Amino acid sequence: MLIMNKYEFGNDFIWGVATAAYQIEGAWNEDGKGESIWDRFTHTKSKNPFKERIYQNQNGDVACDHYHRYKEDLDLMKELSIPNYRFSLSWTRIFPDGKLTSKNQKGIDFYHRLIDACIERNITPNVTIYHWDLPQALEDNGGWTNRDTYLRFLDYVDFVTKEYNDKVPRWFILNEPFAFTVLGYFLGIHAPGRKGFANFYPAIHHVTLAQGDGGKIAKKNCPNAEIGTTFSCSYIEPVSKDGFWGILNQGAAIRFDALLNSLFIEPMLGMGYPVDRLPSLKTLEKYYKEGDEERMKFNADFIGIQNYTRELVQWSPFMPVIWGTIIEAKKRCEKTTEMGWEIYPEGIYHLLKKYASYPNVKKIYITENGAAFPDQLVEEDGKIRIHDIERINFLKSYLEQVLRAKKEGVPVYGYFIWTFIDNFEWAEGYRPRFGIVYVDYQTQKRYVKDSGYWYRDFLEGKDV
Ligand code: IFM
């Protein structure tokens with residue numbers, strides 16, 4: 001495989017790692033923190049005796065204990081020469097019931113300490129405002145299906161962007177709106193566990209409003225910071241293109257692409273929902289109020305794209321609305337990651353080209369990319385080592401495609417590995433390990449994997 005050097009990406013390219021509050025912090029009810037939908041979801045037993053909600057009924061109560069160990073974690077980040085840390089704020093640490101009136105000074109102070117500790121170590125804090133942990137009190141009132149949640153979100157954005165203002169040069173309004181609405185409000189496999197179109201459609205619209213107006217508020221409060229938001233995306237291809245079935249498969253691929261890759265970005269860019277490719281989205285109009293088209297728009301300084309895999313799709317008469325299905329990677333690939341995802345580096349290249357072709361996309365950061373593999377600990381010369389060569393190869397092959405897109409003129413200016421330390425992978429619990437640092441959850445000891453050392457060498461300018 002090719003030898004890489006970070007200078008090929010240019011001196012203005014930013015490098016970092018990403019995490020999320022619920023996945024690493026723990027301390028779920030400490031110092032006045034309120035309950036989030038993930039606390040409730042993981043603490044509630046599944047009604048189906050044959051299917052747990054979360055792998056082995058695990059939860060994020062302790063996770064990586066980052067709430068108490070953030071200084072050591074940042075020391076390690078510094079040792080690995082990582083210049084940017086992207087983390088999220090837990091809404092319920094700041095407003096335990098989601099509303100301004102419940103302000104919790106201890107939670108507010110924690111993020112001051114975390115941000116200050118980054119700055120002291122010369123690590124730039126990159127802050128995500130919402131990474132899925134909605135206050136349970138707002139969910140009790142309908143969550144994202146209730147328009148009021150969008151208004152409470154705006155209060156929260158206004159508060160945090162004023163509070164941490166000049167210490168944070170880069171803000172991310174939402175993390176992957178498609179993922180948290182589809183998994184949490186349509187499929188019911190993530191918190192808050194709601195299902196069906198009656199939940200999904202209003203959640204989509206209110207989240208889109210939160211994204212647009214949230215971005216505008218952040219920009220008003222932090223005019224000198226870069227304000228953007230992130231989108232999950234998967235490169236979509238039809239399983240075949242030839243003949244009658246091929247034509248149907250191509251139609252399904254267009255619909256899936258609209259849903260997975262365009263649903264949230266196009267309204268932000270002023271293009272409205274992708275109704276031309278997925279006509280059922282017209283239903284969203286039911287939730288419109290006068291002026292919403294303007295509210296959905298936001299002139300972002302950058303977009304963050306988060307890519308892991310590709311999906312192959314096939315026409316299906318059994319899936320109303322989308323009229324297609326995804327063919328699971330496990331059924332068609334010899335090798336997948338621990339998540340059962342295909343390793344398909346070219347996909348990130350195609351997606352970068354797609355997003356760069358939208359008018360008004362000024363700058364792109366890859367705000368998440370990485371892979372889970374079954375890491376093995378080995379003892380060598382009295383030291384624990386993790387030779388995760390598959391992860392190194394994964395990262396290199398995706399970066400190679402990012403560089404390819406950049407050389408062709410795509411304005412991509414940053415890359416964040418998902419993730420720094422192994423953590424709570426939502427419904428999959430602690431089983432999949434995505435980190436470049438291994439966490440022993442019994443002792444909370446951290447061990448740098450070979451991929452962590454590889455990233456350090458790369459960031460220090462060595463050929464790797
Ligand atoms: O762990 C998640 C993260 O919270 C959001 N993006 C995808 C990651 C891997 O599944």
Side-chain angles (χ1 to χ4, degrees), residues 16-26 36-39 41-42 54-55 58-60 63-64 66 85-91 126-134 172-184 187 189-191 207 211 228-235 260-261 264-265 303-311 326 328-330 336-344 347-348 351 365-375 390-391 394-395 398 415-439 441 451:
V17 286
T19 66
Y22 186 74
Q23 293 180 273
I24 63 166
E25 282 181 2
S36 79
I37 54 172
W38 273 94
D39 296 317
F41 190 70
T42 55
I54 312 286
Y55 175 72
Q58 294 169 344
N59 59 51
C64 309
H66 184 68
Y85 180 31
R86 175 175 169 242
F87 56 88
S88 74
L89 306 176
S90 152
W91 187 342
N126 289 256
V127 178
T128 305
I129 297 178
Y130 183 78
H131 197 131
W132 307 2
D133 43 357
L134 186 75
F172 307 74
I173 304 300
L174 301 176
N175 191 77
E176 298 184 350
F178 176 69
F180 74 77
T181 51
V182 78
L183 299 171
L187 298 173
I189 54 178
H190 275 196
V207 167
Q211 172 179 268
T229 191
T230 76
F231 303 98
S232 52
C233 53
S234 298
Y235 183 51
L260 271 64
N261 299 329
F264 286 92
I265 186 170
I303 60 159
I305 70 166
Q306 320 209 143
N307 171 248
Y308 293 87
T309 191
R310 159 178 86 150
E311 303 293 0
I326 288 181
E328 270 183 73
K330 274 187 174 159
T336 64
T337 70
E338 273 285 276
M339 296 293 282
W341 296 342
E342 181 184 9
I343 301 168
Y344 192 75
I348 204 166
L351 289 162
Y365 295 130
I366 308 293
T367 37
E368 280 186 23
N369 174 240
F373 290 108
D375 298 319
E390 289 174 302
R391 184 170 292 102
F394 180 99
L395 296 170
Y398 275 70
Y415 179 89
F416 292 76
I417 290 182
W418 183 267
T419 177
F420 181 52
I421 47 180
D422 293 336
N423 59 45
F424 180 76
E425 179 52 33
W426 311 110
E428 306 295 327
Y430 294 95
R431 189 186 51 81
R433 290 177 176 270
F434 274 90
I436 55 171
V437 173
Y438 185 96
V439 177
Y441 296 110
S451 57

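In what follows, residues are counted from 1 in the order of the sequence shown. For ligands, and for the atoms within them, numbers begin at 1 and follow the listed sequence. Since we're looking at a predicted model, the values are computed, not measured.
In this structure, N175 has a heavy atom closer than 4.0 Å to ligand 1. The shell of residues lying under 4.0 angstrom from ligand 1, judged by heavy atoms, excludes F424.
Ligand-side atoms of ligand 1 in range of H131: 3 (C), 4 (O), 5 (C), range being under 4.0 angstrom from any heavy atom. Near E368, with a cut-off below 4.0 Å to any heavy atom, the atoms of ligand 1 are 3 (C), 5 (C), 6 (N), 7 (C), 8 (C).
Applying side-chain hydrogen bond (donor to acceptor under 3.5 Å, both in side chains) to Y22 and the options N59, N423, T42 leaves one that passes, T42.
Considering every non-hydrogen atom in both I417 and I436, the closest pair reads CG2-CG2, 4.1 Å. In plain terms, the two heavy atoms of S451 and G435 that are nearest each other are OG-O, 4.4 Å.
Checking only distances, W132 never comes within under 3.5 Å of ligand 1, N or O to N or O.
In this structure, R431 is positioned above the aromatic face of Y55, its NZ or CZ under 6.0 Å from the six-membered ring centre and within 45° of the axis.
Counting heavy atoms closer than 4.0 Å to ligand 1, residue N423 contributes nothing at all. Counting heavy atoms under 4.0 Å from ligand 1, residue W341 touches it through the side chain alone.
Atom 9 (C) of ligand 1 has its nearest heavy-atom neighbour, among E425, H190, E428, Q306, in E425.
Under the 30°/60° scheme for interplanar angles, the aromatic rings of Y398 and F394 are found to lie parallel.
For the pair R86/F172, a side-chain contact is recorded, criterion being any heavy-atom separation below 4.5 Å from C-beta on.
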